[in-house]
Amino acid sequence: INITNGDIDAGARDILTTTWTNTLRYEFSLNTDHNFSALIGTEYQERNDNEFSVSAQEIASDKLRTIATAASPNAAGADFGGYRLWGLFSRINYDYRDKYFAELSVRRDGSSRFGPDSRFGVFYALGAGYSISEEDFMSNIDFIENLKLKASYGLSGNQFFGDFQWRSTFLFDEPFNTVTGIYNGIRASRIANPDLEWEANTSINIGLSASLFDSRVDLQVDYFTRKSDGLLLNVPVTRTAGFNTFPNNIGEMENRGWELSISTVNLKKGDFEWTTNFNFTYVQNEVTSLPSDSIADPGGDEQRIIVGQPTNVWFLPEWAGVNPATGEPLRLDADNNLTSNYSEAEFRNVGQSIPDYFGGLTNTFSYKGFSLSFLFYFNYGNDIYREINRFTVSDGSRFGRNQNREALQRWQKPGDVTNVPRVVQNNTDGGNNHSTRYLEDGSFIKLRNVAISYNLPTKYISKLKLSA
């Protein structure tokens with residue numbers, strides 16, 4: 001409930017998720033050398049999401065906290081969503097003397113998020129492993145306990161694109177006037193696309209894992225590529241169609257990179273132990289195909305999807321500061337000349353929203369049941385857009401909103417050198433329009449989590465018929 005200035009708003013949201021899984025597993029061996037296991041199963045998922053909101057005006061006191069106490073009803077709204085997913089899956093595992101491994105999995109899923117003719121998709125994965133440390137020639141290498149090479153290839157599907165995207169939908173929220181009053185009308189909100197289907201992701205992984213020095217060091221290195229075809233996107237369309245976007249499968253994208261994971265026991269003496277876990281991911285993302293060289297990102301005017309670039313790059317005019325003589329905002333045009341006219345500024349690819357690499361470092365100290373751990377997380381190579389600053393460091397076009405400290409540095413008289421343009425009530429200079437003024441380096445390192453814990457001794461909790 002939100003109450004302000006004699007207005008009252010209330011709302012609620014209910015989400016119910018149901019998952020039902022059935023599996024059957026069978027294992028057997030041949031001559032103790034060949035080991036098999038097979039799994040088949042079904043899975044059903046359902047999600048129902050219902051919400052409503054109501055508002056009213058003219059309440060006598062902020063102590064009256066129900067809609068019924070307001071004198072004038074204002075508006076009411078409701079929304080619902082949900083999806084169903086049903087699938088069959090199977091998996092076969094094989095190993096030969098714990099040296100050679102193979103796995104094959106296949107599943108067929110149907111999602112209500114796609115039309116009747118494209119609702120089902122078949123996906124699969126094939127993996128293999130080779131335990132090098134089981135070979136005889138490794139027996140004399142004492143510092144290596146386990147060394148394994150692995151590889152996999154697979155096709156998976158993506159259905160996370162929102163509910164009812166393939167159907168024509170309507171909203172009952174368009175007000176229209178009649179002689180007797182104002183009523184809500186109906187309007188179309190989405191173009192149907194019965195051919196909308198699963199986004200296909202083809203993945204290749206090659207990795208090496210090792211356990212060294214009496215298991216004091218565990219190391220894993222993986223190289224991966226993932227090619228996505230038929231990306232699920234809301235494609236911008238001409239407004240003469242009556243809509244802004246059209247849901248469709250278009251374009252291709254590729255992710256490739258490296259993952260590194262290292263776990264070490266740095267010190268172990270008596271009841272004291274110090275361990276470290278480090279993980280690092282380097283990823284290159286590239287849009288490889290689109291119907292045109294680029295399309296606007298339906299999620300915001302400030303981003304664009306461009307072939308040959310990472311997805312969702314920042315596409316903005318370059319901010320060039322403030323004119324010291326007039327206080328007007330300046331940007332660069334197509335010839336890199338300064339201009340105070342926003343319509344003359346050139347929109348450019350000025351940065352990426354996806355980091356080049358990220359990772360984390362966790363240290364854990366343990367002593368006689370007590371444990372202290374802390375995690376540092378880092379991220380490098382992306383830019384973030386401070387949308388909120390368009391309102392809180394405004395130029396007066398949004399007069400009346402609270403401003404942050406940066407607004408105190410605004411231009412006030414000729415000769416002022418600042419990066420904050422002049423403030424004029426109901427300003428039309430466009431100083432807070434989209435530009436690199438609000439684009440910032442997204443790289444960081446931070447302490448994300450600190451945990452202190454104590455494990456009760458087993459001899460005590462066992463008396464209470466408990467286990468951990």
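Quantities reported herein were computed from a predicted structural model and do not represent experimental measurements. Throughout, residue positions are numbered sequentially from 1 according to the sequence presented.
Between Phe80 and Phe164, the closest side-chain pair of non-hydrogen atoms falls below 4.5 Å. Looking at heavy atoms from C-beta onward, Trp314 lies in side-chain contact with Gln303 at the 4.5 angstrom threshold. Contact check for Ile305 versus Asn312: side-chain heavy atoms found under the 4.5 Å cut-off. Taking the side chain as every heavy atom from C-beta outward, Val283 and Phe224 approach each other to under 4.5 Å. Proximity of Ser118 to Asp195: side-chain heavy atoms (C-beta onward) are nowhere separated by under 4.5 Å. Inter-residue side-chain proximity for Gln352 and Asn285 is flagged as unmet; no heavy-atom pair is nearer than 4.5 Å. Contact annotation: the side chain of Asn277 never approaches that of Leu375 to less than 4.5 Å [non-hydrogen atoms, C-beta and beyond]. The shortest side-chain heavy-atom distance between Leu232 and Phe114 falls under the 4.5 Å cut-off.
By the salt bridge (Lys or Arg N to Asp or Glu O under 4.0 Å) test, Arg390 pairs with Glu387, sequence neighbours left out. Legend: residues meeting side chain to side chain donor-acceptor pair (under 3.5 Å) with Thr288, ordered by chain and number and at least two apart, are absent. Under the side-chain contact (heavy atoms from CB on, under 4.5 Å) criterion, Tyr26 pairs with Phe28, sequence neighbours left out. Looking at residues two or more places apart in sequence or on another chain, you find no salt bridge (Lys or Arg N to Asp or Glu O under 4.0 Å) involving Arg448. Legend: residues meeting side-chain contact (heavy atoms from CB on, under 4.5 Å) with Asn382, ordered by chain and number and at least two apart, are Pro355, Asn379, Ile384. Residues passing the ring pair (Phe, Tyr, Trp, His ring centres under 6.0 Å) test with Tyr282: none are found, sequence neighbours excluded. The side-chain contact (heavy atoms from CB on, under 4.5 Å) search around Glu103 returns Arg91, Asn93, not counting sequence neighbours. In this structure Asn205 satisfies the side chain to side chain donor-acceptor pair (under 3.5 Å) test with no other residue, sequence neighbours excluded. The side-chain contact (heavy atoms from CB on, under 4.5 Å) test applied to Thr436 returns Leu316, Glu318, Trp319, Val350, Leu439, not counting sequence neighbours. Listed by chain and number, the residues in a ring pair (Phe, Tyr, Trp, His ring centres under 6.0 Å) with Tyr454 are Phe370 (sequence neighbours excluded).
The line from CG of Asp229 to CD1 of Ile250 is 11.5 Å long, rounded to the nearest 0.5 Å. Interatomic distance, CG of Leu126 versus OH of Tyr153, reported as 10.0 Å (0.5 Å rounding). Between atom CG of residue Asn35 and atom OH of residue Tyr96 there is a gap of 11.0 Å, rounded to the nearest 0.5 Å. Atom CZ of Phe52 sits about 11.0 Å away from atom CG of Asn50, to the nearest 0.5 Å. Considering CZ of Arg331 and OG of Ser343, their distance stands at 10.0 Å, rounded to 0.5 Å. Rounding to the nearest 0.5 Å places OG of Ser131 at 7.5 Å from CG of Leu147.
Taking the six-membered ring wherever Trp is involved, the centroid distance between the rings of Phe347 and His434 does not fall below 6.0 Å.
Salt-bridge check for Glu286 with Arg256: passed, with a basic side-chain N closer than 4.0 Å to an acidic carboxylate O.
Side chain of Trp166 to main chain of Ser112: a donor-acceptor pair is present (N/O by atom type, distance under 3.5 Å, no hydrogens or angles).
The residue from Phe358, Tyr357, Tyr377 that alone fulfils the ring pair (Phe, Tyr, Trp, His ring centres under 6.0 Å) condition with Phe280 is Tyr357.
When only modelled atom types and interatomic distance are considered, Ser397 and Asp395 share a side-chain donor-acceptor pair under 3.5 Å.
Annotation for Asp293: atom CG does not count as buried by contact number, only 12 or fewer foreign heavy atoms lying within 6.0 Å. Atom CG of Asn22 is surrounded by more than 12 heavy atoms from other residues, nucleotides or ligands within 6.0 Å. Other residues, nucleotides and ligands place no more than 12 heavy atoms under 6.0 Å from the NZ atom of Lys227.
For residues 108-122, the salt bridge (charged side-chain N to carboxylate O under 4.0 Å, His left out) pairs, not counting sequence neighbours, are Arg107-Asp109, Arg113-Asp163. Each ring pair (Phe, Tyr, Trp, His ring centres under 6.0 Å) pair with one or both residues in residues 236-259, not counting sequence neighbours, appears once here: Tyr223-Trp258.
Among all heavy-atom pairs drawn from Pro247 and Gln165, the shortest one is CG-O, 3.2 Å.
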**Request:** Could you check Arg47 against Asp49 for salt bridge (charged side-chain N to carboxylate O under 4.0 Å, His left out), going step by step and ending with a plain yes or no?
**Result:** CA-CA 7 Å; Arg47 175 188 168 102; Asp49 187 348; 3.7 Å; yes
